[in-house]
Amino acid sequence: MADDELDEAFELGMACALAAECGRDLRRCAQMYGGLFPPAAFDADFYAALALTGAFSAPWATSHALKIVNRTALWVSAVDRLVGHTTTTRSQVTALARDCLAVADGAVPRAAVTRFLADLRDELATVKDFEDHRVLWRDQLAGMFEAMARAWVWRDTRVIPTFARYLDNADSRGSCFVDLSHWIYAGDEWARHHLGELRTVSAHVQRYLHLLGDLASYRRDVSWGDLNVLMLGVSRAEVTDAMAELAREALELLKPVRERSPRTAAYLRRQIGFNAGLHGISG
């Protein structure tokens with residue numbers, strides 16, 4: 001085996017070991033919030049994919065450093081299920097958002113979903129810079145709920161948005177909230193002092209992941225009655241073309257970030273590459 005192959009195999013093995021450790025943490029975490037993660041919706045493959053995404057996006061990190069990014073992604077998945085498949089009225093969606101934002105502001109949680117969020121909030125508060133970024137963190141959380149509520153209304157009223165409008169609603173995916181939480185908790189000094197700039201790049205990557213996720217889940221979305229980009233009158237080729245353009249633009253935006261914080265840039269670049277590979281979809 002050539003030296004470069006040996007080094008590559010070693011790095012892959014380390015990333016897989018990291019993913020296994022993160023996966024154990026995610027499963028333990030899910031058990032703490034009874035009923036929020038029913039096995040029918042959150043099976044072993046789900047936890048494995050989530051842990052692998054975190055580990056391969058930042059293979060240089062420790063499992064402790066990845067705790068917030070992985071757990072926040074887990075929480076967002078639970079919220080997405082609640083909004084998409086549990087709530088039956090707009091008032092329920094509004095109440096869920098209101099309760100979560102109140103907990104983000106410091107309120108006492110009264111349900112499993114808000115108790116999980118409170119635990120995330122309190123873990124973030126162990127980082128000395130969190131108070132400086134708390135308003136930004138809450139703003140991103142509010143934007144996620146606004147986008148989820150908008151998507152809920154589109155589905156409930158059978159409104160078909162334009163492709164551009166749908167793409168602009170990518171905050172419903174929640175990956176920007178996950179990224180921001182990660183940088184506050186485990187980002188380097190440059191990242192923590194440039195979160196506003198990073199939100200712009202993260203939003204670009206989020207749009208790419210929004211389309212990628214739709215291509216991967218189209219059959220499931222059809223069977224569940226969920227809205228999907230391929231239901232908007234655009235072809236798969238048009239979607240992959242848009243993804244390719246978003247990826248090119250994101251990589252261009254990441255060039256100055258890479259000069260100042262190589263690992264922050266690598267984290268976002270690897271989000272694009274790993275998720276595309278995971279779903280077997282090239283944009």
Side-chain angles (χ1 to χ4, degrees), residues 38 40-43 45-50 52-53 56-57 73-74 76-90 93 143-179 200-253 268-283:
F42 299 94
D43 59 12
D45 288 346
F46 168 82
Y47 294 107
L50 198 59
L52 285 165
T53 300
F56 276 89
S57 295
L74 179 63
V76 168
S77 296
V79 171
D80 182 63
R81 185 187 72 86
L82 291 175
V83 173
H85 303 288
T86 301
T87 57
T88 57
T89 66
R90 176 64 187 274
V93 178
M144 183 190 82
F145 274 112
E146 288 171 7
M148 285 183 170
R150 191 175 296 115
W152 188 95
V153 170
W154 286 343
R155 187 189 64 181
D156 185 60
T157 59
R158 300 187 183 278
V159 168
I160 304 298
T162 64
F163 179 41
R165 179 66 169 148
Y166 184 79
L167 193 55
D168 283 344
N169 203 50
D171 268 339
S172 61
R173 181 177 177 84
S175 67
C176 280
F177 180 64
V178 174
D179 292 343
T200 300
V201 190
S202 175
H204 226 76
V205 175
Q206 182 176 244
R207 292 185 185 97
Y208 175 92
L209 296 176
H210 189 43
L211 297 181
L212 176 67
D214 272 18
L215 293 185
S217 65
Y218 175 68
R219 290 185 179 179
R220 185 197 67 191
D221 291 343
V222 169
S223 65
W224 287 1
D226 287 342
L227 191 61
N228 185 288
V229 68
L230 295 179
M231 302 172 187
L232 308 183
V234 294
S235 68
R236 188 180 182 91
E238 289 174 299
V239 175
T240 56
D241 285 347
M243 288 168 58
E245 183 60 24
L246 286 166
R248 282 193 294 269
E249 291 170 356
L251 295 179
E252 192 64 29
L253 290 170
L268 287 172
R269 294 178 67 199
R270 293 173 74 93
Q271 286 265 335
I272 294 173
F274 179 81
N275 281 285
L278 181 68
H279 296 298
I281 297 171
S282 174

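Here, residue 1 is the first one in the sequence, and each next residue gets the next number.
Inter-residue side-chain proximity for Gln271 and Ser175 is flagged as unmet; no heavy-atom pair is nearer than 4.5 Å. Here the side chains of Val153 and Arg90 are in contact, with some heavy-atom distance below 4.5 Å. Residues Val222 and Leu230 fail the side-chain proximity criterion, which asks for heavy atoms closer than 4.5 Å. In this structure the side chain of Leu227 reaches within 4.5 angstrom of the side chain of Leu232, judged on heavy atoms.
Among residues two or more places apart in sequence or in another chain, the side-chain hydrogen bond (donor to acceptor under 3.5 Å, both in side chains) test is passed with His204 by Glu249. Every side-chain contact (heavy atoms from CB on, under 4.5 Å) that Ala216 has, sequence neighbours left out, goes to His279, Ile281. Glu252 meets the salt bridge (Lys or Arg N to Asp or Glu O under 4.0 Å) test with Lys255; sequence neighbours excluded. The side-chain hydrogen bond (donor to acceptor under 3.5 Å, both in side chains) test applied to Asp221 returns Ser217, Asn228, not counting sequence neighbours. Scored by the side-chain contact (heavy atoms from CB on, under 4.5 Å) test, Leu167 finds Arg207, Leu211, Leu246 as partners (sequence neighbours excluded). The side-chain contact (heavy atoms from CB on, under 4.5 Å) check on Thr88 picks up Gln92, with sequence neighbours excluded. Partners of Asp226 by salt bridge (Lys or Arg N to Asp or Glu O under 4.0 Å), not counting sequence neighbours, listed by chain and number: Arg155. The ring pair (Phe, Tyr, Trp, His ring centres under 6.0 Å) test applied to Phe274 returns Phe56, not counting sequence neighbours. For Thr200, the side-chain hydrogen bond (donor to acceptor under 3.5 Å, both in side chains) criterion is met by no residue, not counting sequence neighbours. In terms of the side-chain hydrogen bond (donor to acceptor under 3.5 Å, both in side chains) criterion, Arg269 has no residue partners (sequence neighbours excluded). Taking the ring pair (Phe, Tyr, Trp, His ring centres under 6.0 Å) definition, one finds that Phe145 meets it with nothing, sequence neighbours left out.
Taking CZ of Phe42 as the start and CG of Leu74 as the end, the distance is 7.0 Å to the nearest 0.5 Å. Note that CE of Met243 and CZ of Arg248 are 12.0 Å apart. Values are rounded to the nearest 0.5 Å. In this structure, CH2 in Trp152 is found 8.5 Å from OG1 in Thr157, a value given to the nearest 0.5 Å. Rounding to the nearest 0.5 Å places CG of Leu268 at 5.5 Å from CG of Asp179. A distance of 14.0 Å separates CH2 of Trp154 from CE of Met231, quoted to the nearest 0.5 Å. Expressed to the nearest 0.5 Å, how far CG of Leu209 lies from OG of Ser202 amounts to 8.5 Å.
The main-chain N or O of Val229 is found under 3.5 Å from a side-chain atom of Asp214 such that the two form a donor-acceptor pair. Although no hydrogens or angles enter the test, the distance criterion places no donor-acceptor pair under 3.5 Å between the side chain of Asp80 and the main chain of Val76.
Closest non-hydrogen pair, Arg81 versus Ala41, comes out as CD-CB, 3.7 Å. Listed here is the closest heavy atom pair of Ala250 and Val205: CB-CG2, 4.1 Å. Pairing each heavy atom of Val234 with each of Glu238, the nearest pair is CA-OE1, 3.3 Å.
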* What's the verdict on side chain to side chain contact (heavy atoms under 4.5 Å, CB included) for Thr240 and Leu215, showing C-alpha distance, side-chain angles and the deciding distance? -> CA-CA 9 Å; Thr240 56; Leu215 293 185; 3.9 Å; yes
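Each ring pair (Phe, Tyr, Trp, His ring centres under 6.0 Å) pair with one or both residues in residues 210-251, not counting sequence neighbours, appears once here: His85-Trp224, Tyr166-His210.
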